Amino acid sequence: MAQCPSRCACCLRHAVHIHSLHQRAINELNLYRKLLQMDPLTSVDESFADHAIVKPTPYLGSSPCSAAFQTMPVEILEHIVQYVGADSILPLCHALPNYKHVSTAMFDFANRFPNEKYTPSKLWPDMYFPKFKNTETNMTEFPIQHMHAVGAYARIISKHGGNVFVPCSKNVFNYLGALPDVLSVFPGDINTCSGWADFLRQLADASKRIRSCIVGDVQAYDIWAEVAHQLTRLPIQSLIWRDELPVIVQETLPRISGLRHLQVDRPIDVRENNSLSRCLHLEELSFARLMFFETAVGLVGRILRRIKGSRIRKVWCEKLSQDDRVNLTAWEMISSDFLEHGWRKEGGRTIDDRV
């Protein structure tokens with residue numbers, strides 16, 4: 001581009017903009033160089049020069065070395081491992097000594113429960129505590145000598161952003177003190193409302209916070225009042241209800257602290273006092289069996305009436321097989337109805353997001 005002979009306003013603005021971009025680049029480069037214990041740069045041109053990383057003198061003395069992965073600060077390494085999946089975590093731990101403590105704690109935990117036949121997918125990035133160990137009693141046995149191994153690996157999972165899943169079981173109380181403050185819950189060997197209420201009460205008394213609470217496999221004739229009350233004593237980010245959501249639990253939803261995601265079986269009837277509209281943080285609603293309805297006609301209108309006045313921004317339904325022609329046709333009809341009401345479909349997943 002030819003340079004403008006006069007210093008006009010557009011040229012000055014352009015120069016200021018370029019200088020601002022350079023300064024932002026320098027600031028970001030120097031931020032990472034500081035983490036790597038390297039000297040700061042004064043210009044962008046310096047960043048293209050060959051510089052060896054020098055080990056800090058307080059530790060090993062001053063000696064140039066290559067920019068190897070192992071020389072990165074612990075903070076960066078711990079950030080990287082959060083994005084490693086179950087298929088890659090063990091090769092990474094075996095390749096780099098920095099992560100050896102992760103695989104050591106993982107094997108130590110898994111070997112305590114040989115009957116579970118743990119695979120990496122059940123251990124990373126989320127870990128699942130044993131649900132049933134004793135096939136004769138269907139009780140989750142937990143010997144006290146496993147406490148240290150359980151606590152050590154659970155803290156590693158929690159530290160790196162994973163979920164620590166514990167079953168709804170009386171035996172969880174044996175090792176509750178060794179668990180991190182943030183847990184996730186899934187159905188275990190308790191199938192009564194009174195048992196679930198006692199379990200949730202123990203978690204609340206221990207000041208635990210719940211990232212995901214999956215409730216299911218409970219006797220249908222039970223009374224849910226005490227369970228609903230204990231749910232209000234716990235901060236819960238995601239509540240997944242596998243069966244029909246009881247009315248008393250519906251009415252309790254606005255009093256569950258921090259509830260952002262709710263999954264139910266199918267759309268529930270609108271009550272006179274719409275509980276979803278009073279949930280201050282609820283942003284996502286998903287349906288596990290939306291396609292079990294005989295017809296999709298009027299279904300979207302029913303859902304929209306249910307979430308009217310709420311802060312819900314996303315509605316999900318179960319992922320469908322490409323071979324399920326009947327339900328795929330119904331889903332296309334539902335998608336069209338959502339689009340007509342100002343929602344949009346995201347990607348290939350069955351998700352709608354209000355514009």
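Model, not experiment: these values are computed from the prediction.
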Chemist: Set out, in order, the CA-CA distance, both residues' side-chain angles and the distance that settles salt bridge (charged side-chain N to carboxylate O under 4.0 Å, His left out) for E283 and R260, then state yes or no.
Modeler: CA-CA 5 Å; E283 298 175 348; R260 296 184 178 277; 3.6 Å; yes

Chemist: Side chains of D181 and R209: does their closest heavy-atom pair fall under 4.5 Å?
Modeler: yes

Chemist: Would you say S286 and H261 are linked by a side-chain donor-acceptor pair, where the criterion is simply a distance under 3.5 Å?
Modeler: yes

Chemist: Would you compute the distance between atom CG of L285 and atom CH2 of W316 and round it to the nearest 0.5 angstrom?
Modeler: 12.0 Å

Chemist: Nearest 0.5 angstrom please: T119 OG1 to W124 CH2, how far?
Modeler: 15.0 Å

Chemist: So which atom in R311 and which in S277 form the shortest heavy-atom distance, rounded to 0.1 Å?
Modeler: NH1-O, 4.3 Å

Chemist: Which pair of non-hydrogen atoms, one from A154 and one from L179, has the smallest distance, and what is that distance?
Modeler: CB-CD2, 4.3 Å

Chemist: Using modelled atom types and a 3.5 Å cut-off, is there a donor and acceptor pairing between side-chain atoms of T232 and backbone atoms of R255?
Modeler: no

Chemist: Counting C-beta onward and ignoring hydrogens, is there a side-chain heavy-atom pair between F287 and V264 closer than 4.5 Å?
Modeler: yes

Chemist: I need the minimum non-hydrogen distance between A178 and M147, along with the two atoms involved.
Modeler: CB-SD, 3.5 Å

Chemist: Let me know which of V102, L90, I89 forms a side chain to side chain contact (heavy atoms under 4.5 Å, CB included) with V84.
Modeler: I89

Chemist: Got a donor-acceptor contact below 3.5 angstrom from the T104 side chain to the K100 backbone?
Modeler: yes

Chemist: Taking atom CG of L200 and atom SG of C193, what is their separation to the nearest 0.5 Å?
Modeler: 10.5 Å

Chemist: Output the distance between atom CG (L231) and atom CG (L253), rounded to the nearest 0.5 Å.
Modeler: 8.5 Å

Chemist: With ILVMFWY side chains joined below 4.5 Å, transitively, what does Y128's cluster contain besides itself?
Modeler: F165, F186, I214, I240

Chemist: Using a strict threshold of under 4.0 Å (side-chain N to carboxylate O), is an ion pair present between R201 and D205?
Modeler: no

Chemist: Test of understanding: clusters of I, L, V, M, F, W, Y form through side-chain heavy atoms closer than 4.5 Å, transitively. Do V182 and L234 belong to the same one?
Modeler: no

Chemist: Heavy-atom count check: over 12 atoms from other residues, nucleotides or ligands less than 6.0 Å from H101 NE2?
Modeler: yes

Chemist: Please examine the side chains of L304 and V315, heavy atoms only from C-beta on, and report whether any two atoms are closer than 4.5 Å.
Modeler: no

Chemist: With a 4.5 Å limit on heavy-atom distance, are the side chains of P167 and V172 in contact?
Modeler: yes

Chemist: Answer whether the closest heavy-atom distance between the side chains of V227 and V218 falls below 4.5 Å.
Modeler: no

Chemist: So which atom in F199 and which in V166 form the shortest heavy-atom distance, rounded to 0.1 Å?
Modeler: CZ-CG2, 4.3 Å

Chemist: Main chain of L245, side chain of Q250: is a donor-acceptor contact present, judged purely on distance under 3.5 Å?
Modeler: yes

Chemist: Using side-chain heavy atoms (C-beta onward) and a distance below 4.5 Å, is C93 in contact with M106?
Modeler: no

Chemist: Spell out, yes or no, whether L92 and M127 are grouped together once hydrophobic residues are joined by side-chain heavy atoms under 4.5 Å, including indirect joins.
Modeler: yes

Chemist: How close do N163 and S184 get, counting heavy atoms only, and between which atoms?
Modeler: OD1-OG, 3.2 Å

Chemist: What about the rings of Y153 and F129, do their centers lie closer together than 6.0 Å?
Modeler: no

Chemist: Under the criterion side chain to side chain contact (heavy atoms under 4.5 Å, CB included), which of I156, I157, D126, V150 is the partner of V164?
Modeler: I157

Chemist: Check whether any side-chain heavy atom of F113 lies under 4.5 Å from a side-chain heavy atom of H146, and answer yes or no.
Modeler: yes

Chemist: Find the distance between CG (L203) and NZ (K208) and round it off to the nearest 0.5 Å.
Modeler: 8.5 Å

Chemist: Between P130 and F109, what is the shortest heavy-atom contact and its length?
Modeler: CD-CZ, 4.5 Å

Chemist: Roughly how far, to the nearest 0.5 Å, is the SG atom of C168 from the CG atom of N191?
Modeler: 9.5 Å

Chemist: Do D189 and K170 sit within salt-bridge range, that is, some charged N less than 4.0 Å from a carboxylate O?
Modeler: no

